[in-house]
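Worth knowing before you read on, the calculation uses all heavy atoms, side chains too, and leaves out hydrogens, waters and symmetry mates.
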Amino acid sequence: MHVYVNGTICPAHEATVSVLDHGFLYGIGLFETLRVYDRKLFLWNAHYARLCSGLLALQIHPAWTKGELAEAIMQTIDANDLRDAYVRLSITAGAEGVGLVAGGYERPSLFVFAKPVAPLAVPPSPKRLQTLALARQTAEGQQRFKSHNYLNNALARQELGARPDVEGLFLTHDGFVAEGIVSNVFWVKNGKLFTPSIDTGILDGVTRRHVLTLAQQLSMPVEEGRYHLEDLLNADEVFTTNSVQEIVPVTEIDGQSVPSTYGTYSYELHRAYRQSVAASE
């Protein structure tokens with residue numbers, strides 16, 4: 001694998017980050033995970049907007065334009081001889097020494113990783129949901145950032161273990177459904193699509209937002225709010241979303257079967273999602 005590091009493409013094993021970088025010392029950094037289909041960045045405008053919002057909140061002054069970041073991604077894609085890829089773009093606060101800073105960060109660092117993605121099955125391969133004992137931590141600030149401070153997710157993965165067919169489900173400290181370890185969650189009941197609202201402290205996933213837009217275009221009734229696990233367990237169909245796996249149907253939750261694994265809503269939204277990908281290529 002070749003990676004992009006501050007303007008240079010190099011083999012991953014040669015890439016370095018300063019021990020004084022506040023991304024390394026304190027987790028002050030942001031990343032975006034996105035898909036490239038046939039050398040086209042998918043939902044790049046939404047990913048860039050979320051990234052800029054986070055950089056502003058963390059007072060990291062970006063040294064790159066939107067176009068320059070897109071070019072860095074494409075350089076990384078080409079260096080790895082890929083057309084379809086999983087991409088992670090990371091911006092750290094930069095080398096500022098030991099000790100927190102009161103002002104902003106003027107010298108951030110940029111890293112881009114890309115790796116191949118296996119063709120997705122149609123219909124998508126389903127997963128099982130398992131409720132985690134570990135609660136979702138509250139948001140780091142006024143919002144949930146896609147940040148390098150990823151300990152809550154890492155501990156959840158350790159709790160779940162190496163089971164690729166299972167996604168861990170976070171509840172909030174007061175017992176409301178939150179999100180998966182690496183996904184947002186949706187379900188259908190009596191002809192309405194439900195998903196936890198942002199005020200539960202979840203990440204406002206780019207794919208989550210795209211699916212909500214698709215649902216609106218399909219005239220599907222949608223409700224965002226705070227829901228107990230019982231609401232999810234009583235659902236007619238359930239699916240998760242993220243940028244890499246797109247829309248993934250769920251077969252069971254905590255051992256309880258979901259009545260319809262790939263139901264009408266899941267099917268229609270998945271079809272609309274694939275159409276939106278094709279339209280962007």
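- Remark: the backbone N or O of F113 is not paired with any side-chain donor or acceptor of H2 at under 3.5 angstrom.
- At a threshold of 4.5 Å between side-chain heavy atoms, the hydrophobic network of Ile, Leu, Val, Met, Phe, Trp and Tyr places I73 and Y48 in one connected group.
- Shown here for E96 and E106, the closest heavy-atom pair between the two residues is OE2-N, 4.3 Å.
- Between F194 and Y265, a ring centre-to-centre spacing not shorter than 6.0 Å is recorded.
- More than 12 heavy atoms of other residues, nucleotides or ligands lie within 6.0 Å of OH in Y273, so this atom counts as buried by the packing criterion.
- A continuous path of hydrophobic side-chain contacts links L212 to L218 [ILVMFWY only; heavy atoms under 4.5 Å].
- In this structure, the separation between CD1 on I247 and CG on L214 is 7.0 Å, given to the nearest 0.5 Å.
- Considering CD of Q75 and CG of D78, their distance stands at 8.0 Å, rounded to 0.5 Å.
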Query raised in the report: Do L129 and V238 pass the side chain to side chain contact (heavy atoms under 4.5 Å, CB included) test, and can you show the C-alpha distance, the side-chain angles, and the key distance before you say yes or no?
Result: CA-CA 10 Å; L129 281 181; V238 182; 4.2 Å; yes
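- Under the rule for a ring pair (Phe, Tyr, Trp, His ring centres under 6.0 Å), F111 has no partner lying at least two apart in sequence or in another chain.
- By the 6.0 Å contact criterion, NZ on K66 is enclosed, its count of non-hydrogen atoms from other residues, nucleotides or ligands being greater than 12.
- Between P108 and A63, the closest heavy-atom pair is CG-N, 4.4 Å.
- Of the inter-residue distances, the one linking H148 atom NE2 with L30 atom CG reads 7.0 Å to the nearest 0.5 angstrom.
- Using a 4.5 Å heavy-atom threshold, the side chains of I198 and R144 count as separate.
- Across S197 and T200, no two heavy atoms sit closer than the pair O-OG1, 2.7 Å.
- Considering only heavy atoms from C-beta on, W64 stays 4.5 Å or farther from E71 through its side chain.
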Could you tabulate the donor-acceptor pairs under 3.5 Å formed by side-chain atoms of residues 185-193, not counting sequence neighbours?
residue	atom	partner	partner atom	Å
K189	NZ	N234	O	2.9
K192	NZ	E223	OE1	3.3

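- Across every non-hydrogen atom of G263 and S260, the tightest pair is CA-OG, 3.1 Å.
- The structure places OG1 of T241 at 4.5 Å from CG of N184, a figure rounded to the nearest 0.5 Å.
- Heavy atoms from other residues, nucleotides or ligands lying under 6.0 Å from OH of Y267 number 12 at most.
- Between Q130 and D254 the shortest heavy-atom distance is CA-OD1, 3.3 Å.
- Side-chain atoms of T240 and V248, non-hydrogen and from C-beta on, do get closer than 4.5 Å to each other.
- Both F145 and F24 sit in one connected hydrophobic cluster of ILVMFWY residues. Membership requires side-chain heavy atoms under 4.5 Å apart, directly or through other members.
- Among the candidates I77, V87, I91, the single residue satisfying the side chain to side chain contact (heavy atoms under 4.5 Å, CB included) test with V112 is V87.
- Using a 4.5 Å cut-off on side-chain heavy atoms (C-beta onward), H210 and F42 make contact.
- In this structure, OG1 in T131 is found 7.0 Å from CG in L233, a value given to the nearest 0.5 Å.
- Of the charged side-chain nitrogens involved, none lies within less than 4.0 Å of a carboxylate oxygen, so that D204 and R50 do not count as a salt-bridged pair.
- The side-chain heavy atoms of L69 and L51, taken from C-beta on, include a pair separated by under 4.5 Å.
- By the criterion of side-chain heavy atoms lying less than 4.5 angstrom apart, applied directly or through intervening Ile, Leu, Val, Met, Phe, Trp or Tyr residues, L34 is not grouped with V244; the two fall into different hydrophobic clusters.
- Looking at R107, its side chain does come within 3.5 Å of a backbone N or O of A95 through a donor-acceptor pair.
- Between the side chain of D231 and the backbone N or O of H228, at least one donor-acceptor pair lies under 3.5 Å.
- Heavy-atom contacts from other residues, nucleotides or ligands closer than 6.0 Å to CD of Q216 number 12 or fewer.
- Residues L269 and Y262 fall into different hydrophobic clusters, defined by Ile, Leu, Val, Met, Phe, Trp and Tyr side chains chained together at heavy-atom separations under 4.5 Å.
- Counting only distance, with no hydrogens or angles, the side chain of T207 and the backbone of S243 share a donor-acceptor pair below 3.5 Å.
- What you find for Y86 and T33 is that their closest heavy atoms are CE1-CG2, 3.3 Å.
- Taking CG of N242 as the reference point, atom CZ of R208 lies at 14.0 Å (rounded to 0.5 Å).
- Residues N152 and L134 are in side-chain contact: their nearest non-hydrogen atoms beyond the backbone lie under 4.5 Å apart.
- The backbone N or O of R35 sits nowhere less than 3.5 Å from a side-chain atom of Y37 that would complete a donor-acceptor pair.
- At a threshold of 4.5 Å between non-hydrogen side-chain atoms, the residues P124 and Q245 do not count as touching.
- Formation of a donor-acceptor pair under 3.5 Å by the H22 side chain with backbone atoms of G99 is found in this model.
- Here the side chains of K127 and T251 are not in contact, with every heavy-atom distance at 4.5 Å or above.
- When the side-chain hydrogen bond (donor to acceptor under 3.5 Å, both in side chains) test is applied to E237, the partners found at least two apart in sequence or on another chain are S266.
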Ignoring hydrogens and angles, write down the donor-acceptor pairs under 3.5 Å from the side chains of residues 167-180, residues two or more places apart or on other chains.
residue	atom	partner	partner atom	Å
E167	OE2	I181	N	3.2
E167	OE2	V182	N	3.0
E167	OE2	S183	N	3.4
E167	OE2	S183	OG	2.7
T172	OG1	D174	N	3.4
T172	OG1	D174	OD1	2.4
T172	OG1	G175	N	3.3
T172	OG1	F176	N	3.0
E179	OE1	L203	N	3.2
E179	OE2	R136	NE	2.8
E179	OE2	R136	NH2	3.1

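- For D165, the side-chain hydrogen bond (donor to acceptor under 3.5 Å, both in side chains) partners are R128, not counting sequence neighbours.
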Without placing hydrogens or testing angles, list every side-chain donor-acceptor pair under 3.5 Å for residues 3-16, not counting sequence neighbours.
residue	atom	partner	partner atom	Å
Y4	OH	G7	N	3.3
N6	OD1	L110	N	2.7
N6	ND2	S109	OG	3.4

